[in-house]
Amino acid sequence: MSATVAPDRSGPGADYWAALDENRLIFQRCRSCGGAQLPPRHECTACLAAELGWEQASGRAKLVSWVVYHRAYHPVMEAELPYVVAVVELAEGPRMIANLPGSGAGLQIDMELTFQPIQRFGQTIAGFRPTGPG
């Protein structure tokens with residue numbers, strides 16, 4: 001089976017997905033309160049202002065949590081097993097869900113990560129890899 005669900009490129013995330021297509025990671029920052037957020041929304045999650053702008057992420061992050069999938073919950077993911085889905089916190093503040101390469105061996109809470117775009121199912125998604133050797 002090759003069908004997948006494509007991201008919504010018409011809503012508040014359109015610029016986010018366009019940046020990923022260029023191997024860049026961006027996030028929203030509220031011009032009213034300064035809060036940073038992902039995923040993209042029409043209003044700030046902290047103060048509800050609709051005064052959001054985009055900023056380029058540095059690509060630095062830390063690992064907050066992760067899960068290693070050993071079972072495919074959709075047939076298109078069977079070839080990816082095992083795969084790691086993680087919560088990462090960007091250096092700029094917002095947290096996001098992302099993929100990490102490998103089997104999950106050696107991962108540690110708060111380990112430093114670096115942004116690494118991943119090509120999956122004909123589109124670019126946010127991925128991260130451990131920073132440093134290896």
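On a predicted model such as this, the values are computed, not experimentally measured, just so you know.
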Heavy-atom nearest pair, Gly102 first then Val84, reads O-CG2, 3.5 Å
| request: Check whether any side-chain heavy atom of Val88 lies under 4.5 Å from a side-chain heavy atom of Met96, and answer yes or no. | output: yes
**Q.** Shared hydrophobic cluster for Phe121 and Val85 (ILVMFWY, side-chain gaps under 4.5 Å)
**A.** yes
Residues pairing under salt bridge (Lys or Arg N to Asp or Glu O under 4.0 Å) where one sits in residues 45-54, two or more places apart or in two chains, turn out to be none
Interatomic distance, CD@Gln116 vs CZ@Arg129, rounded to 0.5 Å, equals 5.5 Å
Requested in this report: Step by step, work out the side-chain contact (heavy atoms from CB on, under 4.5 Å) result for Cys47 and Cys30.
Outcome: CA-CA 9 Å; Cys47 73; Cys30 180; 3.7 Å; yes
By side chain to side chain donor-acceptor pair (under 3.5 Å), Arg41 pairs with (sequence neighbours left out) none
Interatomic distance, OG1@Thr131 vs NZ@Lys62, rounded to 0.5 Å, equals 13.5 Å
One should read off an interatomic distance between Leu38 CG and Ile97 CD1, to the nearest 0.5 angstrom, of 10.5 Å
| Same hydrophobic cluster for Tyr83 and Val76, using side-chain heavy-atom links shorter than 4.5 Å among ILVMFWY? | yes
Residues Ile125 and Trp17: closest non-hydrogen pair is CG2-CZ3, 4.2 Å
Output for pair (Leu52 CG, Glu43 CD), nearest 0.5 Å, gives 8.0 Å
Hydrophobic cluster membership, with links at side-chain heavy-atom distances under 4.5 Å among I/L/V/M/F/W/Y: are Val64 and Tyr69 in one? yes
Between the CG atom in Leu25 and the OH atom in Tyr16, the distance rounded to the nearest 0.5 Å is 6.0 Å
Between the side chain of Glu92 and the main-chain N/O of Ser58, is any donor-acceptor distance below 3.5 Å? yes
Would Leu113 and Val87 show up in the same hydrophobic cluster when neighbours are defined by side-chain heavy atoms closer than 4.5 Å?
no
Correct closest heavy-atom pair for Ala126 and Leu20 would be N-CD1, 4.0 Å
In short, Pro82 meets Val68 closest at the heavy-atom pair CB-CG1, 4.0 Å
Sequence neighbours excluded, the answer for salt bridge (Lys or Arg N to Asp or Glu O under 4.0 Å) partners of Arg120 is Glu80
query: Any donor and acceptor pair, going by atom type alone, linking the side chain of Asn99 with main-chain N or O of Ala86 inside 3.5 Å?
result: no
Value for CD1 (Ile118) from CD (Gln123), rounded to nearest 0.5 Å, stands at 12.0 Å
Contacts of Thr124 meeting side chain to side chain donor-acceptor pair (under 3.5 Å) (sequence neighbours excluded), chain-then-number -> Gln119
Q. Side chains of Trp66 and Ile109: does their closest heavy-atom pair fall under 4.5 Å?
A. yes
Okay, side chain of Arg95, backbone of Glu89: is any donor-acceptor separation there less than 3.5 Å?
no
Those residues at least two apart in sequence (or on a different chain) that pass side chain to side chain donor-acceptor pair (under 3.5 Å) with Gln37 are Gln28, Thr45
Scanning both residues in full, the closest heavy-atom pair of Cys33 with Cys44 reads SG-SG, 3.6 Å
Smallest heavy-atom separation, Pro12 atom then Trp54 atom, equals O-CZ2, 3.5 Å
For residues 87-119, the ring-ring contact (aromatic ring centres under 6.0 Å, His included) pairs (sequence neighbours left out) are Phe115-Phe128
